[in-house]
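Just so it is clear, the model here is predicted, and its values are computed rather than measured.
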Amino acid sequence: MSGRDLRTFITTHRTSDIDNLVVRMKNGLFSQKYKPVDYKQLHALTEEKKKASANIQLKVKKVEQASKTNKEQMLLKQHHQIWWQEHKRLSENRHNVETEIQTFLDEGSLECELLLDMSDFAHKLSKELVTYQTNTVDPVWQLREDLKCRLSEMQCYPSQKSFMEYEFIPVKVLEQVDFVKEQQKTILELLNQEKLALEQELEDCKNKVLIYSFEEKTGLFHEVPSQLLALECPYPDLKSSVLNEFHKFADEYWSKLQEIDQQLNIISRNFGWSEDDHWVYQTVINQYPSDLQSRRTLYLDMLQRHLPHKSRHDLVAHEKAWDQYHFARNQRRALILNWAQARKAFLLKAVMTIAEACAAHETEVMLANNRRKQQEICADLKGKVLQWRAHQEETARLEAAVAVRSKEKEDEREKIQKEKEMIQRAEEKEKVRIYWAEKQRKWQEMEEKDLHRLAELKKLMIEQATKDKERVKFRQELLGKRLMERKELSLQEAHEKEERERRLEALRQQVAIVAEIDPARMMADTVASKAKMGIGTEEECVLQRPLFTLRTYSEEQIISDPRVRVELALREAGLHKSLYAKEILPKIPPLKLPRRDMESTVFKM
């Protein structure tokens with residue numbers, strides 16, 4: 001109900017209208033202001049309103065159904081796209097893993113017998129797979145193709161005679177199909193049993209590995225590092241306190257890890273789902289990336305499709321429990337990483353502490369040894385000093401006597417050296433005088449040669465200057481002659497241009513259009529406009545006939561071209577801009593090859 005309808009229900013009452021109300025009540029139904037009620041008309045209006053309401057309700061249901069169908073189709077489309085992306089990613093991962101395994105087996109089979117046995121076993125399995133396909137799968141497909149062929153022959157030859165000619169007995173065919181079904185069922189049961197046995201064997205191996213990993217994990221937390229045990233500490237109390245601190249430190253992390261493991265066990269027990277359902281849940285959740293828009297809506301919808309026996313409430317509860325389990329696993333992983341880092345830091349700190357204690361102990365021992373050695377050295381030095389002093393006095397006396405004798409010898413040697421130097425200096429002066437005389441003579445000869453060469457060069461330069469002046473004069477004359485020729489040529493071209501303009505103007509005057517002024521013809525309707533309005537046309541003319549004849553290709557001729565059809569098909573498939581379309585379209589010949597004289601050879605040169 002709108003605000004406009006609400007006003008009709010509001011009544012205004014004043015005290016002056018009391019008498020009028022009393023008069024109306026007295027008159028009752030016989031008052032002239034009231035009319036009798038037409039119940040048939042009211043029933044008709046009611047039925048009409050009910051039908052209109054039913055039609056509107058039906059339209060609303062149709063719209064809701066269409067909206068639901070569109071939503072379902074949109075979800076299926078998104079599921080299909082995500083499934084293909086996941087299928088592509090898993091296929092690539094499988095191919096990469098198989099390639100890496102094959103490469104590892106090929107490289108290591110030459111060195112390791114185990115890898116050689118594994119490669120032989122893989123080859124054997126591939127042969128068994130081919131044999132199984134040949135013996136089991138191919139006959140089924142052959143029987144299927146045979147039945148299709150016979151059914152098509154029955155459709156082509158429906159008469160009884162033809163049916164008897166091909167000897168098609170449905171009972172025998174059904175018996176053969178049932179026999180093949182029984183064989184396939186037996187084979188599938190055997191394969192399923194082998195599958196269950198392999199899964200049980202893998203589960204046992206997994207449990208053994210988990211037990212071993214639990215024991216390794218316990219040893220990892222409580223085992224004292226060998227580096228810490230191998231450290232040699234001069235203070236036993238310090239080493240014992242470090243080991244006690246490590247045990248206390250490890251017990252704290254072990255208690256936290258046990259709490260998280262207990263929490264994980266409680267959450268896993270509270271799941272209440274079978275292993276197959278839980279595996280389906282994990283697989284569906286992992287298909288949808290975390291950055292996908294409306295991810296939760298999509299995977300809940302897919303889970304409801306794969307697990308129809310689970311309600312949405314069960315799925316949401318399991319999702320919440322799985323999130324808690326995943327969060328606890330992340331906490332456990334982070335705790336183990338923190339333990340490894342803290343253990344490494346503690347080990348480094350312990351090694352540094354013990355190293356500092358060893359260094360301090362060594363320093364104390366070294367100081368004591370140094371003090372004892374210093375006392376022994378002082379006693380030795382005192383005796384050596386006294387002995388050295390006696391040796392020094394005797395050495396000084398002997399050195400004084402040796403110095404006197406050396407000085408006498410040195411004086412005699414200096415006297416002889418001075419005489420030799422005087423003789424040598426006189427000889428060197430004579431040699432220098434002869435050298436300078438020879439050098440002066442050579443300088444005079446070189447100066448005479450240079451003056452003669454300078455005179456010759458000046459003569460050559462004067463002759464070259466004369467030749468250059470003559471060459472410049474010749475070039476100036478030649479340039480003037482060329483300028484005169486260019487000027488005459490430009491004048492001739494200007495004269496020819498004027499003559500050509502004159503002839504063109506005369507030609508324009510000959511072909512000029514002389515039309516008289518006709519305002520009435522200019523304002524009148526043209527033939528084309530009259531044809532559009534139907535003025536002057538015959539009454540029996542066909543209205544569908546075009547006004548003007550078009551000389552071009554028709555739609556049938558254009559569509560008959562194979563290039564146009566191929567381009568339309570590629571465009572409908574969305575491949576008209578691909579490299580395949582660019583490569584194949586130029587290679588398609590037209591319906592009618594062009595003439596040889598119409599072919600262009602511009603791009604072939």
Side-chain angles (χ1 to χ4, degrees), residues 232 234 348 351-352 355-489:
E232 295 181 359
L348 181 61
V351 170
M352 290 176 63
E356 290 176 358
C358 292
H361 181 70
E362 289 178 0
T363 304
E364 292 177 358
V365 174
M366 191 181 297
L367 288 174
N369 292 333
N370 289 337
R371 192 176 299 109
R372 181 174 54 79
K373 288 180 180 180
Q374 283 177 2
Q375 291 175 359
E376 293 176 357
I377 290 169
C378 288
D380 292 339
L381 287 176
K382 188 175 181 181
K384 288 181 180 180
V385 166
L386 293 176
Q387 187 179 1
W388 176 77
R389 187 176 295 172
H391 290 167
Q392 285 293 107
E393 290 176 357
E394 187 177 359
T395 303
R397 183 170 52 78
L398 293 174
E399 285 180 355
V402 171
V404 171
R405 287 194 296 270
S406 298
K407 189 173 184 305
E408 292 176 356
K409 291 180 181 180
E410 187 70 25
D411 292 340
E412 187 68 23
R413 190 166 52 252
E414 286 180 358
K415 185 177 179 181
I416 295 169
Q417 185 69 24
K418 284 181 180 180
E419 291 176 356
K420 288 181 179 180
E421 287 179 357
M422 291 294 290
I423 296 168
Q424 188 177 1
R425 192 176 291 116
E427 292 176 355
E428 288 178 356
K429 283 182 179 180
E430 185 64 23
K431 289 179 180 179
V432 169
R433 185 182 63 75
I434 293 170
Y435 169 75
W436 279 111
E438 184 67 24
K439 197 168 186 180
Q440 189 70 23
R441 184 180 62 77
K442 289 181 179 179
W443 281 353
Q444 288 178 359
E445 291 177 358
M446 290 176 66
E447 188 175 359
E448 289 175 359
K449 288 181 181 180
D450 291 340
L451 290 174
H452 181 67
R453 179 63 180 165
L454 182 61
E456 291 179 356
L457 289 174
K458 285 183 178 180
K459 184 178 179 181
L460 290 173
M461 289 175 68
I462 291 169
E463 292 177 358
Q464 186 68 31
T466 305
K467 291 180 181 179
D468 291 341
K469 287 181 181 179
E470 292 177 357
R471 189 181 292 109
V472 169
K473 184 176 179 182
F474 175 75
R475 292 292 182 185
Q476 287 179 352
E477 292 176 357
L478 185 61
L479 180 62
K481 186 177 179 181
R482 288 179 180 175
L483 290 175
M484 290 296 294
E485 290 177 356
R486 289 180 182 176
K487 188 174 180 181
E488 291 176 359
L489 184 61

Side chain to side chain contact (heavy atoms under 4.5 Å, CB included) for Asp468 and Gln464? Distances and angles first, verdict last. CA-CA 6 Å; Asp468 291 341; Gln464 186 68 31; 3.3 Å; yes
For the pair Lys407 and Asp411, evaluate salt bridge (charged side-chain N to carboxylate O under 4.0 Å, His left out) and give the outcome as yes or no after the intermediate values. CA-CA 6 Å; Lys407 189 173 184 305; Asp411 292 340; 3.6 Å; yes
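To the nearest 0.5 Å, atoms CD (Glu488) and CE (Met484) are separated by 5.5 Å. In this structure, the separation between NZ on Lys473 and CD on Glu477 is 6.0 Å, given to the nearest 0.5 Å. Remark: Met366 CE to Lys373 NZ distance equals 9.0 Å, nearest 0.5 Å. Taking NZ from Lys442 and CE from Met446, the interatomic distance works out to 10.0 Å, rounded to the nearest 0.5 Å. Expressed to the nearest 0.5 Å, how far CD of Gln387 lies from NE2 of His391 amounts to 4.5 Å. Of the inter-residue distances, the one linking Glu376 atom CD with Leu381 atom CG reads 11.5 Å to the nearest 0.5 angstrom.
Between Asn370 and Gln374, the side chains place no donor N or O within less than 3.5 Å of an acceptor N or O (distance only, hydrogens not considered). Under the 3.5 Å distance criterion, with hydrogens and angles disregarded, no donor-acceptor pair is assigned to the side chains of Glu448 and His452.
Around atom CD of Glu447, no more than 12 heavy atoms belonging to other residues, nucleotides or ligands sit under 6.0 Å away. The local environment of CD in Glu412 is sparse, with at most 12 non-hydrogen atoms from other residues, nucleotides or ligands closer than 6.0 Å. By the 6.0 Å contact criterion, CZ on Arg482 is open, its count of non-hydrogen atoms from other residues, nucleotides or ligands being 12 or less.
If you run side chain to side chain contact (heavy atoms under 4.5 Å, CB included) between Lys459 and each of Met461, Glu456, Glu463, only Glu463 comes through.
Put simply, the side chain of Trp443 reaches to within 4.5 Å of the side chain of Lys439, judged on heavy atoms. The shortest distance between side-chain heavy atoms of Glu445 and Arg441 falls below 4.5 Å.
For Glu428 and Arg425, the salt-bridge test fails: no basic side-chain N is under 4.0 Å from an acidic carboxylate O.
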